[in-house]
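Contents: one structure, followed by commentary.
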Amino acid sequence: MNSVIDKIPGQERVKKTLNNFLQSFSIPHAFLFTGPDGVGKENTAIQFAKALVNDENSEEAEKASRLIGQLQQPYIKLIFALPRGKNETDSSSPTEKLSQDEIELIREQIDTKAKNPFHKISVPKANSIKINSIRDIKKFLAMDYNEVGYRFVIIIDAHLMNEEAQNALLKSLEEPPEKVIFILTTPVVSKLRPTIISRCWKINFDPLSEDEIVFILTNYFAVDKMTALEVAPFAMGSVQYALNLTELNIHDLKEKTISILRYSFGRKFNSAFEELNSILAEKSAVNYPILIGMIITWLNDIQKYKLNFKKFFFKDHLETLEKFNSKFPDVDLSDITTKLDRLSNLPRNNINPSLLSANLIFELASVVLIK
């Protein structure tokens, strides 16, 4: 196994596939890395690029690997969502109309990504990958760097390309220059055109294990091990999810989750609203799915308690599981998880937070509705 690939945390199946490509010396010109946010797709893309140039085993290869790690051209071009500048047109360069502060922030985000490939690039008001950015790829491809060897175009969250941007990318994918590798990453492959998907070698990524989450949190984000161990079981296999949990304080979040459940089941709606609002605050789009994930986890613990399982996520709240099963032994939880999962996606559609809270509370209250 390639030493660079071997160091990628988790994703054993993915690493095996990539190593097979490295050993075969037959590399597809385009890859599509799919899977949930926060499972290492972007890190894997960067490490695969380094491994590919390292195989040449020369001084130039070492230099290329170093500059790829620093996300520097001419070896690598990183494409991601950017804000739209004032008076920007489709003929403007990607950053031409942005303010100096915005440009500086973008540079800082790239620098942070270079130092920590698990870092999620975040730029305010960056909701889409602009056609300007995709057209800029042509300039990158047009440069003659025969002595460089492999070069890479990595498109982060490729699903954020609109129809026009995807059409522009398709032209580059159809006739890529020799030794230029495209790597697209996305958690929502369904938003990409079938013609783009068909031109890429698709590799699906798995959720990370708890141990892998702990390793990444402690080694890449300097999270203390006790906190990492506490959030990992609730992280849904995602580093990004785990980081959001650390910001919320996992201990307080578990306590508030129990309170929301207790108030909702007891039809104490005002108290439930107060607890919900204390979590959602101004970050409902981020915190609402996290809270629903916590509630679903508790409901799954209920089912495990019924089946006499010994391992629970809410192991420090076993009395709540016992009391619920004692009071509602025949309650049917078969539909509620599906309903809650559907609710978790609503914030992305800019629905009013109060309406979100009401929907959640009433769905929970309906679980134990006495008929």
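Not counting sequence neighbours, E210 has no partner by the side-chain hydrogen bond (donor to acceptor under 3.5 Å, both in side chains) test.
In the hydrophobic clustering of ILVMFWY residues, with side-chain heavy atoms under 4.5 Å counting as a link, L291 and I250 come out together. Hydrophobic clustering (ILVMFWY, side-chain heavy atoms < 4.5 Å, transitive): L333 and L321 are in one cluster. Note on L32: it clusters hydrophobically with I196, by side-chain heavy-atom contacts below 4.5 Å among ILVMFWY residues. Linking ILVMFWY residues whenever their side-chain heavy atoms come closer than 4.5 Å, directly or via other members, places L52 and W201 in the same cluster. Residues I183 and V188 are members of separate hydrophobic clusters, defined by side-chain heavy-atom contacts under 4.5 angstrom among Ile, Leu, Val, Met, Phe, Trp and Tyr.
Across Q100 and R107, no two heavy atoms sit closer than the pair NE2-NH1, 4.0 Å. Across every non-hydrogen atom of I154 and A45, the tightest pair is CD1-CB, 4.0 Å. Listed here is the closest heavy atom pair of F215 and T218: O-OG1, 3.1 Å. In terms of heavy atoms, L192 sits closest to I197 at O-CD1, 3.7 Å. The two atoms that bring I181 and P28 nearest to each other are CD1-O, 3.5 Å, heavy atoms only. Residues N43 and P9 approach most closely at ND2-CD, 3.9 Å, considering heavy atoms.
Cation-pi check for K41 over F33 is not met; the charged atom does not lie both under 6.0 angstrom from the ring centroid and within 45 degrees of its normal.
Aromatic ring centres of W298 and Y305: separated by at least 6.0 Å. Remark: aromatic rings of F269 and F362 are close, center separation under 6.0 Å.
Counting heavy atoms from C-beta outward, S172 and L141 have side chains that approach closer than 4.5 Å. With a 4.5 Å cut-off on side-chain heavy atoms, F273 and I361 count as touching. By the 4.5 Å heavy-atom criterion applied to side chains, Y263 and E274 are not counted as neighbours. For the pair Y288 and L360, the minimum side-chain heavy-atom distance is below 4.5 Å. Annotation: side chain of N162 is not in contact with side chain of Q166 (no heavy-atom distance under 4.5 Å). At least one side-chain heavy atom of E363 sits less than 4.5 Å from a side-chain heavy atom of I336. Looking only at side-chain heavy atoms (C-beta outward), L173 and F182 come within less than 4.5 Å of each other. For the pair F265/V367, a side-chain contact is recorded, criterion being any heavy-atom separation below 4.5 Å from C-beta on.
No side-chain N or O of H119 forms a donor-acceptor pair with one of E42 less than 3.5 Å apart. Side-chain N/O atoms of S278 and K256 include a donor and acceptor closer than 3.5 Å.
The backbone N or O of F21 lies less than 3.5 Å from a partner atom in the side chain of S24, making a donor-acceptor pair. A donor-acceptor contact shorter than 3.5 Å links the side chain of Q11 to the backbone of D206. A distance-only check finds no donor-acceptor pair linking the side chain of D157 to the backbone of H159 [under 3.5 Å]. Here the side chain of K15 pairs a donor or acceptor atom with the backbone of G10 at under 3.5 angstrom. Judged by distance alone, with hydrogens and angles left aside, the side-chain atoms of K50 form no donor-acceptor pair with the main-chain N or O of G69 at under 3.5 Å. Here the side chain of T246 pairs a donor or acceptor atom with the backbone of L243 at under 3.5 angstrom. Using modelled atom types, no side-chain atom of S326 and backbone atom of E322 make a donor-acceptor pair closer than 3.5 Å. In terms of modelled atom types and a separation under 3.5 Å, the side chain of T227 and the main chain of V223 share no donor-acceptor contact.
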Go through it in stages, so that I can follow the logic: the residues are T338 and D335, the test is side-chain contact (heavy atoms from CB on, under 4.5 Å), and I'd like the CA-CA distance, side-chain angles, deciding distance and then a yes or no.
CA-CA 6 Å; T338 301; D335 294 331; 5.8 Å; no
Starting from the C-alpha separation in whole Å, work towards a yes-or-no answer on side chain to side chain donor-acceptor pair (under 3.5 Å) for D136 and S133.
CA-CA 5 Å; D136 208 44; S133 296; over 6 Å; no
Evaluation steps, side chain to side chain donor-acceptor pair (under 3.5 Å), between E178 and H29
CA-CA 8 Å; E178 187 178 358; H29 75 276; over 6 Å; no
Kindly indicate, with the supporting measurements, whether the criterion side chain to side chain donor-acceptor pair (under 3.5 Å) is fulfilled by N204 and T34.
CA-CA 5 Å; N204 297 319; T34 69; 2.4 Å; yes
Run F31 and F48 through ring pair (Phe, Tyr, Trp, His ring centres under 6.0 Å) and show every step you take.
CA-CA 11 Å; F31 291 88; F48 179 61; 5.3 Å; yes
Please walk me through it: do E212 and S209 pass side chain to side chain donor-acceptor pair (under 3.5 Å)?
CA-CA 5 Å; E212 289 157 0; S209 70; 3.3 Å; yes
In sequence, state the C-alpha distance, the side-chain angles, and the governing distance for Q109 and F80, and then conclude on side-chain contact (heavy atoms from CB on, under 4.5 Å).
CA-CA 11 Å; Q109 288 290 307; F80 51 91; 5.8 Å; no
Check step by step if side-chain contact (heavy atoms from CB on, under 4.5 Å) holds for R84 and K97.
CA-CA 8 Å; R84 193 168 182 84; K97 299 294 183 178; over 6 Å; no
Given salt bridge (charged side-chain N to carboxylate O under 4.0 Å, His left out), test K306 with D301 step by step and report yes or no.
CA-CA 9 Å; K306 287 178 181 286; D301 274 358; over 6 Å; no
After noting the C-alpha distance and the side-chain angles of T257 and I295, does the key distance pass the side-chain contact (heavy atoms from CB on, under 4.5 Å) rule?
CA-CA 7 Å; T257 298; I295 291 172; 3.9 Å; yes
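No more than 12 heavy atoms of other residues, nucleotides or ligands shown are found within 6.0 angstrom of CG on N270. The local environment of NZ in K268 is sparse, with at most 12 non-hydrogen atoms from other residues, nucleotides or ligands closer than 6.0 Å.
V214 belongs to a hydrophobic cluster whose other members, connected by ILVMFWY side-chain contacts under 4.5 Å either directly or through intermediates, are L229.
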Contacts table for residues 234-241: side-chain donor-acceptor under 3.5 angstrom, sequence neighbours left out:
residue: S238; atom: OG; partner: D37; partner atom: O; Å: 2.8
residue: S238; atom: OG; partner: Q240; partner atom: N; Å: 3.3
residue: S238; atom: OG; partner: Y241; partner atom: N; Å: 3.1
residue: Y241; atom: OH; partner: P289; partner atom: O; Å: 3.4
residue: Y241; atom: OH; partner: I290; partner atom: O; Å: 3.3

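With respect to the salt-bridge test (charged N to carboxylate O, under 4.0 angstrom), the residues E102 and K125 do not qualify. Ion pair E174/K171 not flagged as a salt bridge, since none of the NZ, NE, NH1 or NH2 atoms sits closer than 4.0 Å to an Asp/Glu carboxylate oxygen. Using a cutoff of 4.0 Å between basic side-chain nitrogens and carboxylate oxygens, R135 and E164 are scored as salt-bridged.
Classification of the F314-H317 ring pair by plane angle, with boundaries at 30° and 60°, yields perpendicular.
To the nearest 0.5 Å, the span separating CD on E230 from CG on D224 amounts to 9.5 Å. Between the CZ atom of F152 and the CG atom of L71 there is a distance of 12.5 Å, given to the nearest 0.5 Å. To the nearest 0.5 angstrom, R267 atom CZ is 9.0 Å from S366 atom OG.
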